[in-house]
Amino acid sequence: MASLSQLDKEIIKALQEDFPLCEEPYKVLAQRVGISEEEFLRRVKELVEEKKIRKMGAVLRHREVGFKANALCAWQVSPDKLDDIAQVMSSHAAVSHCYDRTPAPNWNYNLYTMIHAKTRDECEQIINELSTMTGVTDYKILYTKREWKKTGMKYFCEAT
Amino acid sequence: MTRLSTFDKALLNLLQGDIPICSHPFAEMANRLGTDEDTVLNRLRELKAAGFLRRIGTFFDSNRLGYHGTLVALKVKPSAICAVAEAVNRYPGATHNYEREGVYNLWFTLLTPNAEYESIVLAEIRSLNGVEDMLRLKAKKKYKINVQFKLQ
C-alpha cells in the first residue's frame, strides 16, 4: 500500500469533516489545509483513483426517508460457492453491504449482508428472494432494535 | 416531517452517488437537475436542517488508509446492555453500534490503526460487566459497500 504523506493526512482530515454547503466547497477545505484549490482538487482525484476514497457524497438517515426495517443477515455458505453467492447477493439493490467474514467457534456464519426495507414483511421477502436465488437456507436475520451509534470514522486523529 | 418533493428525491438520489470533484460541484449538480446552483444549495441546507442527511462528505476505504477493521458481536446480559453499549460508544473507532434481536444482542464495528490496539480494545470490552461472550468476525473480502437509498 502506498504510504500517505503528512499533506495527504491533512487533506483526509479536512475531507472527513462535514462537506461545506457553499459554492466553492473545495476551496474552503483547501484553505483549511493551506494549499491552493487546484492542488487540493488534484490530490482528491488521485485519492479516488487510488481507491482510498470510496465516494464523495451523502448518506441519508434511512429511517427518516422511510426505511424502517433494517437487518443484518448472516448466512452459512460453503466456501467453494462463496464467491458466486456473494456476487449474486451484492447485485440486489436492497443489500448495502456484503462481506465475507471469518466465522467464530459456535458461530458458523461466514457471509454478512445488510438489508434495508420499508417493513419487516418486505425485508423477509427480500431475504427469501436471496435464499431462493442462491440456494442458501441456513441463515439468521438479526433485526436492528436500537441504533446506539453510527458515525463516520475520524482518521489520523489518534495522537491529537 | 417535511414531505419530499419529486425534486428533493432527484436531488438526494444524485447526492448519494457522487459529488463532482470540481470548483463548483453544486452548479454541476444543478445543471444535471435542470436548475441553478442557489436552488440546489438552499434546498440541501433545508434538507440537512430537517434531518434527512446523516452526513455529506467523503467516505474512505479504511483498509487502504492502513486501518484494521472488524465486526464484533457481544452477548450481553439484558440488564447491562445500556452500560455496555455506552462503554463501546466511547471508543472513537467504534463507528457503528447496534442492538439486535438474538442471543448476540450488541453488534459493533471497530476500526483501529493497528492490530495490537484492536486486541487491547477488545480485551477491555470483553471484560466489561455483563459481557458473557464475544465473537470477532474479521472481514476477509468486501463484496459490496454501497449505502444508497433510491427514492422514488
Side-chain angles (χ1 to χ4, degrees), chain A residues 1 4 12 15-19 21-27 37 41 44-45 48 50-62 64-65 67 72 86-87 90 93 95-104 107 112 116 140 142-155 158, chain B residues 1 4 12 15-19 21-27 37 41 44-45 48 51-62 64-67 71 85 88-89 92-102 107 111 113 135-147 149-151:
Chain A
M1 190 183 57
L4 292 158
I12 289 166
L15 284 169
Q16 70 193 353
E17 298 303 325
D18 241 8
F19 196 71
L21 293 179
C22 62
E23 290 177 8
E24 297 175 301
Y26 296 104
K27 188 180 255 177
E37 185 189 23
L41 285 170
V44 173
K45 285 177 191 160
V48 172
E50 293 162 7
K51 296 189 172 139
K52 293 190 175 84
I53 290 177
R54 281 196 287 115
K55 91 166 179 179
M56 305 281 313
V59 169
L60 305 185
R61 285 192 198 278
H62 51 270
E64 277 70 5
V65 295
F67 292 83
L72 175 66
Q87 308 278 5
S90 297
V95 172
S96 66
H97 298 69
C98 181
Y99 287 18
D100 167 18
R101 294 186 178 279
T102 308
W107 184 265
Y112 292 79
H116 307 275
K140 268 210 158 54
L142 306 154
Y143 278 111
T144 307
K145 252 172 94 176
R146 178 165 173 183
E147 178 182 297
W148 282 91
K149 187 178 182 187
K150 186 177 190 306
T151 176
M153 180 62 184
K154 299 288 183 216
Y155 295 99
E158 292 85 15
Chain B
M1 187 175 82
L4 294 174
L12 291 176
L15 188 75
Q16 287 184 82
D18 275 296
I19 297 175
I21 303 167
C22 62
S23 199
H24 284 78
F26 297 109
E37 191 179 30
L41 279 168
L44 282 181
R45 291 184 190 117
K48 192 179 176 193
F52 287 102
L53 295 164
R54 192 188 288 281
R55 192 158 85 87
I56 309 173
T58 313
F59 294 82
F60 295 95
D61 181 318
S62 53
R64 286 183 202 267
L65 296 188
Y67 278 71
L71 175 68
V88 169
N89 281 357
T95 55
H96 300 61
N97 186 14
Y98 290 91
E99 195 173 331
R100 299 193 179 281
E101 294 176 10
W107 294 70
L111 284 173
L135 307 174
R136 184 178 187 167
L137 303 160
K138 274 254 179 229
K140 283 202 280 194
K141 188 165 174 185
K142 300 179 181 180
Y143 285 92
K144 185 179 188 183
I145 317 177
N146 187 14
V147 186
F149 300 95
K150 274 276 167 247
L151 307 178

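Each chain gets a letter, A, B and so on, in the order the sequences are listed, and its residues count up from 1. In this text the structure is predicted, and so the values were computed from the model without any measurement.
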Could you look at [X] and say if it's the side chain, the backbone, both or neither that has a heavy atom under 4.5 Å from chain A?
X	answer
B:F60	both
B:L41	side chain
B:R136	backbone
B:E37	side chain
B:A139	both

Quiz prompt | Spacing of OG1 belonging to A:T151 relative to CG belonging to B:N97, to within rounding of 0.5 Å | solution =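 The CG atom of B:N97 is 11.5 Å from OG1 of A:T151, to the nearest 0.5 Å.
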
Quiz item: When rounded to the nearest 0.5 angstrom, what distance separates CG in B:L4 from CG in A:L60?
Solution: 9.0 Å

Quiz item: Is the NZ atom of A:K45 crowded by more than 12 outside heavy atoms at less than 6.0 Å?
Solution: yes

Could you report the tightest heavy-atom contact between [X] and [Y], atom names first, then the distance?
X	Y	result
B:R45	A:L21	NH2-O, 2.8 Å
A:W148	B:A85	CD2-CB, 3.3 Å
B:T95	A:G152	CG2-C, 4.4 Å
A:Y26	B:P25	CE1-CG, 3.7 Å
A:R101	B:L137	NH1-O, 2.7 Å
B:L53	A:A58	CD2-CB, 3.9 Å

Return the option, out of [options], with the maximum number of heavy-atom pairs under 4.5 Å with chain A.
options	answer
B:L44, B:D18, B:L71	B:L71
B:G93, B:A94, B:G102	B:A94
B:L135, B:L15, B:N89, B:L111	B:N89

What I'd like to find out is whether the side chain of [X] reaches to under 4.5 Å of the side chain of [Y], using heavy atoms alone.
X	Y	answer
A:V59	B:F59	yes
B:P113	A:Y155	no
B:K144	A:H97	no
A:E37	B:S23	yes
B:D61	A:I53	no

When you measure from the side chain of [X] to the backbone of [Y], do you find a donor-acceptor pair of N or O atoms at a distance under 3.5 Å?
X	Y	result
B:T58	A:L15	yes
A:R146	B:R100	no
A:R61	B:G51	yes

Exercise. Start with the C-alpha gap between A:L142 and B:E101, add the side-chain angles, then the distance that decides, and say whether side chain to side chain contact (heavy atoms under 4.5 Å, CB included) holds.
Key: CA-CA 6 Å; A:L142 306 154; B:E101 294 176 10; over 6 Å; no

Exercise. Begin from the C-alpha positions of B:I21 and A:M56 and carry the test side chain to side chain contact (heavy atoms under 4.5 Å, CB included) through to its verdict.
Key: CA-CA 8 Å; B:I21 303 167; A:M56 305 281 313; 4.2 Å; yes

Name the region of [X], side chain, backbone, both or neither, that has any atom closer than 4.5 Å to a heavy atom of chain B.
X	value
A:F67	side chain
A:Y143	both
A:K27	neither

Quiz item: Do B:Y143 and A:Y99 have ring centroids that are under 6.0 Å from one another?
Solution: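 Ring centroids of A:Y99 and B:Y143 are no less than 6.0 Å from each other.
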
Quiz prompt | Side-chain ion pair, B:E99 and A:K149, N-O less than 4.0 Å | solution = no

Quiz item: Does a side-chain N-to-carboxylate-O contact under 4.0 Å join B:K48 and A:D18?
Solution: yes

Name the member of [options] that forms the most heavy-atom pairs with chain B at distances under 4.5 Å.
options	answer
A:K140, A:E23, A:Q16	A:E23
A:K51, A:K150, A:H116, A:K145	A:K150
A:K154, A:E147, A:E24	A:E147
A:A104, A:P103, A:C22	A:C22

